[in-house]
Amino acid sequence: MSAVPAARGLEARSLGCMRNDRSLFEALSFRLAPGQALLLEGRNGSGKTSLLRILCGLRRPDDGALHWDGEDVFRLGPEYHAQIAYVGHRDGVKHDLTAGENLKVARGLGRPNPALSLEQALDQVELWDHEDVPARNLSAGQQRRLALARLLVTRAKLWILDEPFTSLDSHGIGIVESLFAQHVADGGMLAVTSHHAVSWNDTDIIRINLSP
Amino acid sequence: MTTASLNRAFALLLWRDLLLAFRRRTELLNPLLFFVLVTTLFPLGIGADPALLRQIAPGIIWVAALLAAMLSLDSVFRSDFEDGSLEQFLLSAQPLSVLVLAKVIVHWLITGLPLLIVAPLLGLLLNLPGESIATLMLTLLLGTPVLSLVGAIGVALTVGLRRGGMILSLLVLPLYIPVLIFAADAVQSAGAGLSISAHLSLLAALLMLSVSLSPLATAAALKISLG
Amino acid sequence: MLRFFHQLGSPKHFYRIAGAWIPWLAAACGVLVLYGLYQGMVVAPTDYQQGDSYRIMFIHVPSAWMSLFIYVVMAAAGAIGLIWHMKLAEVIAISSAPIGASFTFLALITGSIWGKPMWGTWWVWDARLTSELILLFLYLGVMALYSAVDDKRTAARAAAILAIVGVVNIPIIHYSVEWWNTLHQGPTVTKFGAPSIDLRMLIPLLVMAVAFKLFYLLVVLMRARVEVLERERNARWVRELVERS
């Protein structure tokens with residue numbers, strides 16, 4: 001990891017965010033390098049989701065700048081989006097499509113990962129033989145795992161996740177945690193908000209608490 | 001991103017939206033029924049004098065088409081917004097305007113094209129002569145895509161609002177006026193045996209303009225609405 | 001000069017500079033309106049066809065000019081705000097909308113009053129009046145969208161997009177309405193104004209046009225000042241301002 005050039009990864013420079021002229025956070029700076037995870041903590045309404053949406057490039061910060069490999073994220077646009085995968089509150093699962101079709105769309109919109117078939121991606125989140133099942137017939141936890149399988153079908157380096165463990169049981173949490181650990185160990189990056197106490201050994205974690 | 005992957009994403013989205021429409025095919029009839037129903041209201045309200053109906057038929061049919069197109073607009077982005085798919089499109093590795101164009105094309109195929117198919121029937125009900133009916137279909141072919149394209153901008157601006165419907169009509173209907181004027185007048189002129197090549201050229205020009213500009217405006221609007 | 005514009009871009013300096021301009025603008029506008037009205041109502045000769053009723057032109061024509069002018073300004077300011085993320089441009093754009101709508105409304109009302117003795121009815125689907133009516137709808141759309149979105153920055157940016165789309169459409173709408181009008185009404189409708197206008201009529205018209213422009217500038221600065229205060233109400237300079245007064 002030490003061989004990585006200084007500018008690689010995601011760098012936030014004094015980000016500020018307002019909502020209805022209330023300042024959620026200001027002068028927030030951090031660097032997320034390959035092999036690191038960013039864990040956002042804070043009370044409800046402290047701006048965790050807003051920060052994640054800024055990190056995705058969905059929302060512009062009211063102040064400061066965000067750089068990917070030394071270049072402005074909002075100038076990169078789709079080029080930056082090719083590097084990230086996002087699973088938000090609304091998990092983007094289409095109920096009228098099957099699990100396989102959902103993943104197929106996700107793969108086509110990003111940079112497809114040639115190493116993994118859709119079936120293998122579903123296997124990794126333990127949705128065996130669910131490829132042709134309409135997503136509406138999946139349980140809430142299964143739908144969540146389907147949404148998280150989206151992370152695997154593209155070559156995204158940075159995973160941005162808003163409360164990924166919501167509606168997962170302890171077994172599901174275990175599956176997802178091992179996916180995260182694997183991704184970080186492979187030199188990927190992670191930005192997560194979670195109420196769930198995350199316990200990753202051997203992971204280089206940056207913690208930011210938005211509730212002072 | 002390469003052109004090939006761009007084409008693939010475009011085709012993928014066409015496939016996805018057509019598949020979704022097919023799985024909800026019972027809903028496809030609704031705008032069509034609305035179109036027919038609104039048109040049949042006019043003879044009931046005005047009277048069934050054939051000469052009068054023939055004179056006002058182009059305007060009635062086109063106003064009904066405008067309203068049907070507007071009411072069906074919500075479906076372009078609404079369900080994708082609600083389940084979070086729209087965010088995923090914004091975060092796609094492909095330019096958003098290209099994805100938007102694919103979605104609008106599908107929207108036109110499932111709401112605009114059917115209008116074209118029932119229009120001759122409505123023309124007969126309203127006593128339009130044959131050459132007017134042919135022109136009516138031609139104007140619908142050129143005009144309804146413009147309605148979908150321009151309307152998409154309005155939906156993109158209002159998709160985050162809880163009660164966007166009323167505002168949407170306020171935003172979109174004034175922009176529909178040129179299409180209404182050229183199209184309805186073309187049908188009327190054809191009935192009177194006049195040349196309609198100018199009307200059709202103007203409608204085609206509007207179509208070209210909206211194909212090239214509206215996806216960009218829609219993409220920009222979506223980025224603002226979801227920001 | 002460059003430094004001046006840079007300062008104008010910051011809300012605090014804008015508030016101060018605009019505040020200093022407002023009394024002068026108000027005075028200049030007031031003088032010009034009085035002079036223009038005197039010239040128009042008293043000095044300008046009676047029209048041999050329309051009698052004295054044509055004098056409403058001195059309100060109607062500048063209002064109609066302003067209605068279009070302000071829409072273009074609004075779209076341009078909106079575009080600047082979108083491209084360079086300039087908050088002040090957003091504020092100017094959104095402060096312009098109600099003023100433009102008011103001028104459009106004024107143009108419609110005065111056009112209708114002017115038309116009454118000429119056409120014998122309050123409303124005729126004349127091409128210019130119809131275009132003006134559609135322009136009013138476009139303004140109302142921008143205002144409705146702005147007030148419907150909760151977050152005011154998002155609202156201003158969405159309204160700016162709509163204004164830009166509108167400005168692209170205005171020539172098309174105008175042309176289509178002209179086309180529609182010539183086909184359905186024939187060329188019998190009298191156009192406003194005469195081909196060659198008396199100089200004593202032209203001068204008050206131009207004076208009123210300048211006065212209306214100054215009035216717009218005055219009101220947009222006043223509105224923008226309020227808007228800036230509201231948006232920056234948590235900033236230190238606003239707190240200090242409030243405490244001082």
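By convention in this document, chain letters (A, B, ...) are assigned in the order of the sequence lines, proteins followed by strands, and residues within each chain are numbered from 1.
- For a residue to count as touching a neighbouring chain, one of its non-hydrogen atoms must lie under 4.5 Å from one of that chain's; by this rule B/L173 does not touch chain C.
- Using a 4.5 Å cut-off between heavy atoms, B/L157 touches chain C through backbone and side chain atoms alike.
- Counting heavy-atom pairs under 4.5 Å between each of C/T154, C/L145, C/V165 and chain B puts C/L145 at the top.
- Looking at B/L202, the atoms closer than 4.5 Å to chain C (heavy atoms on both sides) all sit in the side chain, from C-beta outward.
- Within the 4.5 angstrom heavy-atom criterion, only side-chain atoms of C/L82, from C-beta onward, approach chain B.
- The ring of C/W179 has its center closer than 6.0 angstrom to the ring center of B/H199.
- For chain C, no part of B/L180 is nearby; none of its heavy atoms comes within less than 4.5 Å.
- Side-chain N/O atoms of C/Y216 and C/S96 include a donor and acceptor closer than 3.5 Å.
- The side chain to side chain donor-acceptor pair (under 3.5 Å) search around B/S210 returns none, not counting sequence neighbours.
- Separation of the C/W65 and C/F212 ring centroids does not fall under the 6.0 Å cut-off.
- In this structure, B/F182 has its ring center no closer than 6.0 Å to that of C/W180.
- Of the listed residues (B/L175, B/V172, B/V179, B/L213), the one with the most heavy-atom contacts under 4.5 Å to chain C is B/L175.
- Taking the ring axis of B/F89 as reference, the NZ or CZ atom of B/K103 does not stay both within 45° of it and closer than 6.0 Å to the ring centre.
- Comparing C/A148, C/A159, C/A160 by heavy-atom pairs within less than 4.5 Å of chain B, the highest count is held by C/A148.
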